[in-house]
Protein chains: 2
Amino acid sequence: MTTGATVKRATEVSPWPKPEQRQRDRASKREAVLLRAVEFFNEKGFHATSLEDVAVSLHVTKPTIYHYFANKDEILFACVQRGLEEIRQAAEAAEQAGGNGLQRLHALLIDYAMMMSDGFGACVGRTPDHALSPESLSRIKALKRDTDVIVRRVIEAGMEDGSIAVADVRLTTFTALGALNWISRWYDPAGPLSKREIAEHSVDMLIGGLAARSHKVAEGE
Amino acid sequence: MTTGATVKRATEVSPWPKPEQRQRDRASKREAVLLRAVEFFNEKGFHATSLEDVAVSLHVTKPTIYHYFANKDEILFACVQRGLEEIRQAAEAAEQAGGNGLQRLHALLIDYAMMMSDGFGACVGRTPDHALSPESLSRIKALKRDTDVIVRRVIEAGMEDGSIAVADVRLTTFTALGALNWISRWYDPAGPLSKREIAEHSVDMLIGGLAARSHKVAEGE
DNA sequence: TAAGTCCTATACTCGCGAGTAAACAGCTGT
DNA sequence: ACAGCTGTTTACTCGCGAGTATAGGACTTA
């Protein structure tokens with residue numbers, strides 16, 4: 001309060017670390033906690049992971065973690081939020097990209113599937129609603145809706161340009177994303193298939209369907 | 001040991017309950033615990049459900065539950081096992097039914113999707129691996145494999161008779177069942193769509209694909 | 001040197017929920 | 001009347017993990 005408004009100077013160099021640097025440190029430590037926590041959550045599950053686990057694996061003690069996060073729920077929220085942020089950015093990029101609706105949806109789903117394999121994206125797929133506090137849950141649901149909206153827009157664009165044909169956009173979105181979300185439940189990095197292979201294969205199946213082209217669907221029966 | 005071999009009599013009526021009846025009581029109480037437990041698990045999640053919750057809602061106390069089950073893990077195991085049993089029976093019935101591979105797969109997936117909406121089936125979809133003890137998990141995995149094998153057989157039959165065309169049977173199974181498993185995560189009985197509507201819609205999408213028939217897949221690009 | 005602040009550790013509290021010990025009621029068969 | 005079995009209760013133990021009180025070290029600013 002005693003110092004006046006900041007002023008433009010000839011040089012910004014100074015032997016003293018800038019407060020901005022202090023912030024950076026704090027942010028990077030927060031980040032480290034998040035990265036380690038999401039590993040544990042994905043591996044052992046949220047409930048089976050104690051903050052003690054996370055702390056020890058970072059060579060600190062539990063209160064240090066509480067210096068960066070108010071409580072365990074906030075950590076889980078931050079992980080899921082981060083995952084949804086990554087997904088939303090990928091979805092927006094795919095929507096802006098060129099091509100018809102189907103091509104853009106293809107790109108979107110591939111990115112989505114790859115993100116489900118590990119990290120924050122997998123945390124989105126693996127975190128059940130009841131693991132989050134009611135407040136966090138409602139915020140997460142809002143973020144999920146954002147992604148859904150983008151996906152639906154792309155599908156609707158594809159229906160208009162004739163490249164996509166589905167009966168119900170909402171339900172189709174749930175089914176397609178559900179299939180990809182499930183990857184987070186079984187993908188094993190040590191397995192024979194790479195993230196990319198799984199993503200391409202799954203998405204091809206969702207787009208092309210199971211039926212041979214001549215058979216359409218079992219109607220009339 | 002004192003009484004000899006049982007003898008055919010003119011009547012079986014008797015004022016005393018048969019030992020068989022006692023067994024029935026025990027079995028039906030075990031069943032009641034399971035039915036109530038799976039409701040809680042599906043609603044609040046396994047970890048958030050205490051056996052106290054289950055006991056109180058059945059108008060008994062916690063030790064009574066331990067009179068029928070050794071521990072909480074055994075209850076969860078029994079729920080998931082039951083769900084997988086239901087699924088396996090439906091899958092076998094669909095496999096035995098008439099029609100080509102695609103028609104049988106269609107019937108199988110419809111049944112599967114409906115089961116994911118509630119009860120023991122939903123518990124299968126909602127229970128993550130790490131909620132089970134290692135021993136229970138390996139038994140559950142074996143049961144899941146049984147179902148997978150049936151599904152794959154039907155898909156392979158469909159490929160041979162030309163009604164189904166997919167690149168990788170194993171991965172296709174995971175993707176299709178994953179899409180349906182996901183129903184257990186979002187289905188709301190109070191919502192606008194019935195179990196049947198959701199099942200039929202989801203399965204139609206998996207079989208027919210998202211792409212309009214003329215568009216196949218975005219290849220060449 | 002002294003006050004202030006940021007970060008981290010030691011050493012707790014506290015509640016919850018899984019699981020148990022032990023007693024007791026009721027019914028069965030001797 | 002009594003021994004025994006089944007099912008149930010009351011009244012616990014016990015450990016774990018979330019979260020906290022508090023102190024101390026390091027570095028900053030005056």
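Keep in mind that this is a model prediction, so the values were computed, not measured. So that the names make sense, note that chain A is the first sequence line, chain B the second, and so on, each numbered from 1.
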How far apart are the closest heavy atoms of Ala179(B) and Thr175(A), and which atoms are they? CB-O, 3.5 Å
Whole-Å distance separating the CZ atom of Phe40(A) from the C1' atom of dG17(D): 15 Å
Under 4.0 Å: is that the gap between some side-chain N or O of Arg26(A) and OP1 or OP2 of dC6(C)? no
Picking from dA9(C), dA21(C), dA18(C), the nucleotide nearest the side-chain atoms of Lys72(B) would be dA18(C)
Kindly indicate whether the side chain of Lys29(B) and the base of dG7(D) share any N or O donor-acceptor pair separated by less than 3.5 Å? no
Spacing between Tyr68(A) atom OH and dC6(C) atom P, to the nearest angstrom: 12 Å
To the nearest Å, give me how far apart CD (Glu52(A)) and P (dT8(C)) are. 16 Å
Between CG of Asp25(A) and C1' of dT5(C) the distance, given in whole Å, is 15 Å
Over all heavy atoms of both residues, which pair between Lys72(B) and Thr49(B) is shortest? Give the atoms and the distance, please. NZ-O, 2.8 Å
Is the phosphate of dT8(C), meaning OP1 or OP2, less than 4.0 Å from a side-chain N or O of Thr61(A)? no
Heavy-atom closest pair (Ile198(B) atom, Ile183(B) atom, distance to 0.1 Å) is CG2-CD1, 4.0 Å
Rounded to whole angstrom units, what separation is found between the CD1 atom of Ile75(B) and the P atom of dG17(C)? 15 Å
Nearest to the His67(B) side chain among dA18(C), dT8(C), dG7(D), which nucleotide is it? dG7(D)
Among dG19(D), dA18(C), dT8(D), the one nearest Leu51(B) by side-chain distance: dA18(C)
Spacing of His59(B) atom NE2 relative to dG7(D) atom P, expressed in whole Å: 20 Å
As a test of reading the structure: which of dA11(D), dT8(C), dA21(D) is closest to the side chain of Pro63(A), going by heavy atoms? dA21(D)
Is Tyr66(A) close enough to dT8(C) that one of its side-chain N or O atoms is under 4.0 Å from OP1 or OP2 there? no
I'd like to know if Lys62(B) reaches the base of dA18(C) with its side chain, counting only an N/O donor and acceptor under 3.5 Å. yes
Between atom CZ in Arg30(B) and atom C1' in dG7(D), what is the gap in whole Å? 16 Å
In whole angstrom, what separates Leu58(A)'s CG from dA9(C)'s C1'? 15 Å
When you measure from the side chain of Thr127(A) to the backbone of Val124(A), do you find a donor-acceptor pair of N or O atoms at a distance under 3.5 Å? no
Quick note, Asn71(A) side chain, CB onward, closest among dG19(D), dG17(C), dT9(D) is dG19(D)
Nearest heavy-atom contact between Cys79(A) and Val38(A) is SG-CB, 3.9 Å
State whether Thr64(B) places a side-chain N or O below 4.0 Å from either non-bridging phosphate oxygen (OP1 or OP2) of dT9(D). yes
